[in-house]
Amino acid sequence: MQNIKAVILAAGKGTRMKSDLPKVVHKIHGKCLVDYVIEAARGAGAQEICLVVGYKQDIVCSSVAHKDVSYVLQPEQLGTGHAVKCAREFLGEAGTTMILFGDTPLITSETLKRLAEYHEAHKNAVTVLSALTDDPDGYGRIIRDAHGNFIKSVEHKDATSNERESHEINSGMYLFDTKELKYALDRLRPNNSQGEYYLPDALEIIKEKGLRVDAYRLGSSEDITGVNDQDQLAAAAYVIALRQRQESRK
């Protein structure tokens, strides 16, 4: 796939980490969480990478090991859609945009490559990276019809009791046709109780144009697991150490 740009959302404070540091600069084996994500994006073919920063942005910019990335500021935390809006100029006019989170160090280039291959093979305007999980509570759900076709992504709090039965969750990671992403960003509205701009709303906007929206489903949620507190940081460090040992035995 040609001309992939990656936008990594890295503006959050991460209050549950109980630390003055921005969440994405906490380290596993000497490397910032967001550096793992940058490396996965690069390995999947992203030629240009932009970090959306906010809380203590100076610390984030100085802590990131990869110096060949650009930054944009999200001055207020007004949702994932607003974060991507802040990077609108970076997106350009064509190609493919990959949306990632700076606090998901377990995402791999191999998974993102498969996502890109699926996106291209199915000629999707948007592909959500989704995963099956035993405990979907709190996550946005992917809803499919009886034939397995994608219908929508719905936030947990907005889901009906039937929709909450779905164990397929939205990771918040996407591949967008850049032109269609910009079309949708211009039409996002904060029509929710939080008054925020939700990026998943872009899926419905693009689907209403008659374009193909789909989800690439992982069998396990390990790769998309985020780090929100010190226990999750330790758990991610364990998985990364395990992967490194397995890799060294090959």
- prompt: Listed by chain and number, what are the side-chain hydrogen bond (donor to acceptor under 3.5 Å, both in side chains) partners of Asp103, not counting sequence neighbours?
  reply: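 In terms of side-chain hydrogen bond (donor to acceptor under 3.5 Å, both in side chains), with neighbours along the sequence ignored, Asp103 is linked to Lys23.
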
Do [X] and [Y] have side chains that get closer than 4.5 Å, going by heavy atoms?
X: Leu175; Y: Asn124; result: no
X: Glu222; Y: Thr108; result: no
X: Gln77; Y: Lys13; result: no
X: Asp158; Y: Glu163; result: no
X: Arg42; Y: Ile49; result: yes
X: Arg144; Y: Asn149; result: no
X: Tyr36; Y: Ile107; result: no
X: Pro105; Y: Val227; result: yes

If you draw a 6.0 Å radius around OH in Tyr139, do more than 12 non-hydrogen atoms from other residues or ligands fall strictly inside?
->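 No, OH of Tyr139 has 12 or fewer neighbouring heavy atoms, counting only those of other groups under 6.0 Å.
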
Are [X] and [Y] joined in one hydrophobic group, where the rule is that I, L, V, M, F, W and Y side chains link up if heavy atoms are under 4.5 Å apart?
X: Leu188; Y: Val128; answer: yes
X: Val34; Y: Leu233; answer: no
X: Phe90; Y: Leu199; answer: yes
X: Leu211; Y: Leu185; answer: yes
X: Val37; Y: Ile28; answer: no

Could you check Lys85, Arg88, Lys179 and say which one makes a salt bridge (charged side-chain N to carboxylate O under 4.0 Å, His left out) with Asp186?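 Result for salt bridge (charged side-chain N to carboxylate O under 4.0 Å, His left out) with Asp186: Arg88.
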
| message | With ring-ring contact (aromatic ring centres under 6.0 Å, His included) as the rule and sequence neighbours excluded, what pairs involving residues 198-237 come up? | response |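 Listed once each, the pairs are Tyr118-Tyr216.
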
I need the [X] [atom1] to [Y] [atom2] distance, nearest 0.5 Å.
X: Ile151; Y: Glu204; atom1: CD1; atom2: CD; value: 10.5 Å
X: Leu100; Y: Tyr174; atom1: CG; atom2: OH; value: 11.5 Å
X: Ser171; Y: Ile99; atom1: OG; atom2: CD1; value: 11.0 Å
X: Lys56; Y: Ser63; atom1: NZ; atom2: OG; value: 11.0 Å
X: Leu203; Y: Ser153; atom1: CG; atom2: OG; value: 6.0 Å
X: Ser130; Y: Leu218; atom1: OG; atom2: CG; value: 6.5 Å

*asked:* As a quick check of understanding, evaluate side chain to side chain donor-acceptor pair (under 3.5 Å) for Asp201 and Tyr197, giving each step before the final call.
replied: CA-CA 8 Å; Asp201 291 348; Tyr197 296 85; over 6 Å; no

Side-chain H-bond candidate by donor/acceptor type, Glu76 with His82, under 3.5 Å:
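There is no such pair (donor and acceptor under 3.5 Å, judged by atom type) between the side chains of Glu76 and His82.
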
| query | With no hydrogens and no angle check, do the side chains of Thr96 and His119 hold a donor and an acceptor under 3.5 Å apart? | reply |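 Their side chains do not contain a donor-acceptor pair, so the 3.5 Å distance test is not met.
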
